[in-house]
Amino acid sequence: MEKEQLIKIDDSIHAWFNTLDDIIPKLINDMVTSTKKNRFDLVTNVDKSIQQKFESFLKEHYPSHQLFAEEKSNSEINAKEGHVWIMDPIDGTTNLVKQQEDYCIILGYFVEGEPMLSYIYDYPHGKLYKAVRGFGAYVNGEPLSSPEDIELKDAIISYNPLVINDETIQDLNEASFGYRCIGSCGLDSIRVIKGQFGAHVNTNPKPWDIAAQFLFASELGLKMTTLDNTKLDFSTAGPFIISNKACHTHMLDVLNSGNGYKN
Ligand code: IPD
Ligand code: CA
Ligand code: CA
C-alpha cells in the first residue's frame with residue numbers, strides 16, 4: 001500500500017477519534033450497563049455506540065472495508081482477506097463501569113492479513129497511541145522509541161492471577177521485580193510498549209483485544225507471541241504475551257514450568 005494512501009486513511013481515523021471527544025462524556029453520563037455471558041461480563045451503551053459510530057464511518061468513507069468487532073457477529077468475515085478493521089470499542093469495560101478510568105479503544109487495520117495501522121486510544125488520559133507500518137509508533141503525534149532492555153529480575157509483569165496456578169504465581173514473583181495489572185489488555189500492553197512493564201500476558205484474548213498490538217510490537221522491537229513462543233494468529237488470537245525482548249524467553253520459561261496456567 002502506498003504511503004500517501006496510508007496517511008490519508010490515518011488522517012481520516014484521527015478525525016473520527018476527534019468526534020468521540022464530544023460524544024463519550026454524554027454516553028457516560030447516561031450509562032446503561034447490561035451483562036452478556038455472566039454477571040462479570042459487562043457491556044454498556046458506550047461500547048455499543050462507539051462501535052456503531054465506527055461502523056457508520058466505514059460505510060460512508062470506506063464501503064468496501066469490513067468491520068470485525070466485539071459487539072457484533074463476525075461469522076461472515078474472513079479477517080485475512082481484503083481490508084479489515086478489528087475493533088474493541090471499549091477495552092476494560094469493568095474499569096469504565098466501576099472506576100470511569102483505565103479503559104481504551106483498540107483499533108487495527110489489516111490489508112490481506114497484514115497490519116497497516118494500529119490505534120489504542122486512552123480516552124480518560126487523552127492519549128492516542130498509533131503505529132504505522134514502516135513508519136514507527138507515536139503518542140499524540142510524538143514518536144515513541146524502542147524500550148530499553150529489561151531483564152525479568154528488573155521487570156514489572158502483568159497478568160490475571162485468577163487464571164495462573166498458585167505455584168506459577170510464586171515462581172513469577174520470585175523471578176520478576178513486581179506485579180501490576182491495569183485490567184485492560186490494551187492499556188497493560190501500552191505499559192510494555194512504553195517500557196514501563198516488562199511483559200503482559202493474557203491467557204484468553206480475542207482478536208479485538210490484541211489487534212493493535214502487533215504493529216506496535218514490530219515497529220518498536222518487542223516480542224509478541226503465543227505462550228508456546230510460536231507465531232500468534234491475529235484472526236483467532238488465544239493465549240498471548242507482549243514482552244520486552246530481554247525478558248520474553250525467561251518469562252515464558254517460568255510461566256510454562258510447574259503447573260503453568262489455565263485458560
Ligand atoms: C477484557 C480486558 C481484560 C482482559 C480480558 C478482556 P473487555 O476486555 O482487556 O483486561 O483480562 O481478557 O476480555 O471485556 O473489557 O473488552
Ligand atoms: Ca477487550
Ligand atoms: Ca470490549
With a 4.5 Å limit on heavy-atom distance, are the side chains of [X] and [Y] in contact?
| X | Y | value |
| --- | --- | --- |
| Lys194 | Val139 | no |
| Thr33 | Thr44 | yes |
| Ile190 | Asp122 | no |
| Met87 | Ile50 | yes |
| Leu172 | Ile157 | yes |
| His61 | Trp16 | no |
| Ile210 | Met224 | yes |
| Leu96 | Ile28 | yes |

Do any N or O atoms from the side chain of [X] and from the backbone of [Y] form a donor-acceptor pair under 3.5 angstrom?
| X | Y | result |
| --- | --- | --- |
| Ser118 | Ala212 | yes |
| Ser218 | Leu215 | yes |
| Asp209 | Lys206 | yes |
| Asp88 | Ile106 | no |
| Asp188 | His200 | no |
| Asn74 | Ala69 | yes |
| Asn244 | Glu148 | yes |
| Asn45 | Val32 | yes |
| Glu112 | Gly82 | yes |

[X]: salt bridge (Lys or Arg N to Asp or Glu O under 4.0 Å) partners, not counting sequence neighbours:
| X | value |
| --- | --- |
| Lys36 | Glu70, Glu71 |
| Asp21 | none |
| Asp154 | none |
| Lys72 | none |

Does CD in Gln100 sit with more than 12 non-hydrogen atoms of other residues, nucleotides or ligands closer than 6.0 Å?
->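 Atom CD in Gln100 is crowded, with more than 12 foreign heavy atoms closer than 6.0 Å.
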[X] and [Y]: which non-hydrogen atoms are nearest, and at how many Å?
| X | Y | value |
| --- | --- | --- |
| Cys104 | Gly186 | SG-CA, 4.0 Å |
| Ala237 | Pro207 | CB-N, 3.5 Å |
| Pro89 | Gln51 | CG-OE1, 3.6 Å |
| Lys26 | Asp22 | NZ-O, 3.6 Å |
| Ile150 | Gly195 | CD1-O, 3.5 Å |
| Leu227 | Thr203 | CD1-CG2, 4.2 Å |

[X] [atom1] to [Y] [atom2] distance, which is reported to the nearest 0.5 Å:
| X | Y | atom1 | atom2 | answer |
| --- | --- | --- | --- | --- |
| Met251 | Ser243 | CE | OG | 7.5 Å |
| Asp233 | Thr226 | CG | OG1 | 11.0 Å |
| Ser56 | Glu60 | OG | CD | 8.5 Å |

For the pair Tyr62 and Ser12, evaluate side chain to side chain contact (heavy atoms under 4.5 Å, CB included) and give the outcome as yes or no after the intermediate values.
-> CA-CA 10 Å; Tyr62 304 104; Ser12 70; 2.7 Å; yes
List for me each residue that meets side-chain hydrogen bond (donor to acceptor under 3.5 Å, both in side chains) alongside Thr93, sequence neighbours excluded, and say none if there are none.
->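 Thr93 satisfies side-chain hydrogen bond (donor to acceptor under 3.5 Å, both in side chains) with Asp47 only.
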Name all residues meeting the side-chain hydrogen bond (donor to acceptor under 3.5 Å, both in side chains) criterion together with Gln99; count only those two or more places apart in sequence or in a different chain, and write none if there are none.
->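 Once residues adjacent in sequence are excluded, the partners of Gln99 under the side-chain hydrogen bond (donor to acceptor under 3.5 Å, both in side chains) criterion are Asn95.
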Intermediate values then yes/no, side chain to side chain contact (heavy atoms under 4.5 Å, CB included), Asn160 and Asn202 = CA-CA 7 Å; Asn160 177 358; Asn202 184 328; over 6 Å; no
Check the pair Lys48, Ser34 against side chain to side chain contact (heavy atoms under 4.5 Å, CB included), reporting the backbone distance first and the verdict last.
-> CA-CA 11 Å; Lys48 290 178 191 164; Ser34 43; 3.9 Å; yes
Pairwise ring pair (Phe, Tyr, Trp, His ring centres under 6.0 Å) hits with a residue in residues 140-177, at least two apart =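 For residues 140-177, and leaving out neighbouring residues, the ring pair (Phe, Tyr, Trp, His ring centres under 6.0 Å) pairs sorted by first residue read Tyr159-Tyr179.
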Of all pairs that satisfy ring pair (Phe, Tyr, Trp, His ring centres under 6.0 Å), the ones with a partner from residues 214-256, not counting sequence neighbours |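 Only Phe110-Phe234 qualify under ring pair (Phe, Tyr, Trp, His ring centres under 6.0 Å).
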Joint cluster assignment, [X] & [Y], ILVMFWY side-chain distance < 4.5 Å:
| X | Y | value |
| --- | --- | --- |
| Val43 | Leu67 | no |
| Ile193 | Ile156 | yes |
| Leu117 | Leu58 | yes |
| Tyr121 | Met116 | yes |
| Phe57 | Ile120 | no |

Ile105: which of Leu20, Leu128, Asp91 passes side chain to side chain contact (heavy atoms under 4.5 Å, CB included) |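 Only one of Leu20, Leu128, Asp91 forms a side chain to side chain contact (heavy atoms under 4.5 Å, CB included) with Ile105, namely Leu20.
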Report the residues that fulfil side-chain contact (heavy atoms from CB on, under 4.5 Å) with Asn165, sequence neighbours left out, ordered by chain and then residue number.
->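 Residues passing side-chain contact (heavy atoms from CB on, under 4.5 Å) with Asn165: Thr168, Asn259, Lys262.
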Could you tell me which residues satisfy side-chain contact (heavy atoms from CB on, under 4.5 Å) with Arg191, sequence neighbours excluded, listed by chain and number?
->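 Ile182, Gln196, Phe197.
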Any pair counted as side chain to side chain donor-acceptor pair (under 3.5 Å), so long as it reaches residues 133-146, sequence neighbours left out =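 Qualifying pairs: Glu114-Arg133.
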Test log, rule side chain to side chain contact (heavy atoms under 4.5 Å, CB included), inputs Val46 and Met31 = CA-CA 7 Å; Val46 188; Met31 191 144 71; 4.0 Å; yes
Trp85 and Tyr119 aromatic ring geometry - parallel, tilted or perpendicular at 30°/60° bounds =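 Because their plane-to-plane angle is under 30°, the rings of Tyr119 and Trp85 count as parallel.
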Please list all pairs passing the salt bridge (Lys or Arg N to Asp or Glu O under 4.0 Å) test where one or both residues lie in residues 161-187, with sequence neighbours left out.
->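 Pairs touching residues 161-187 that pass the test: none.
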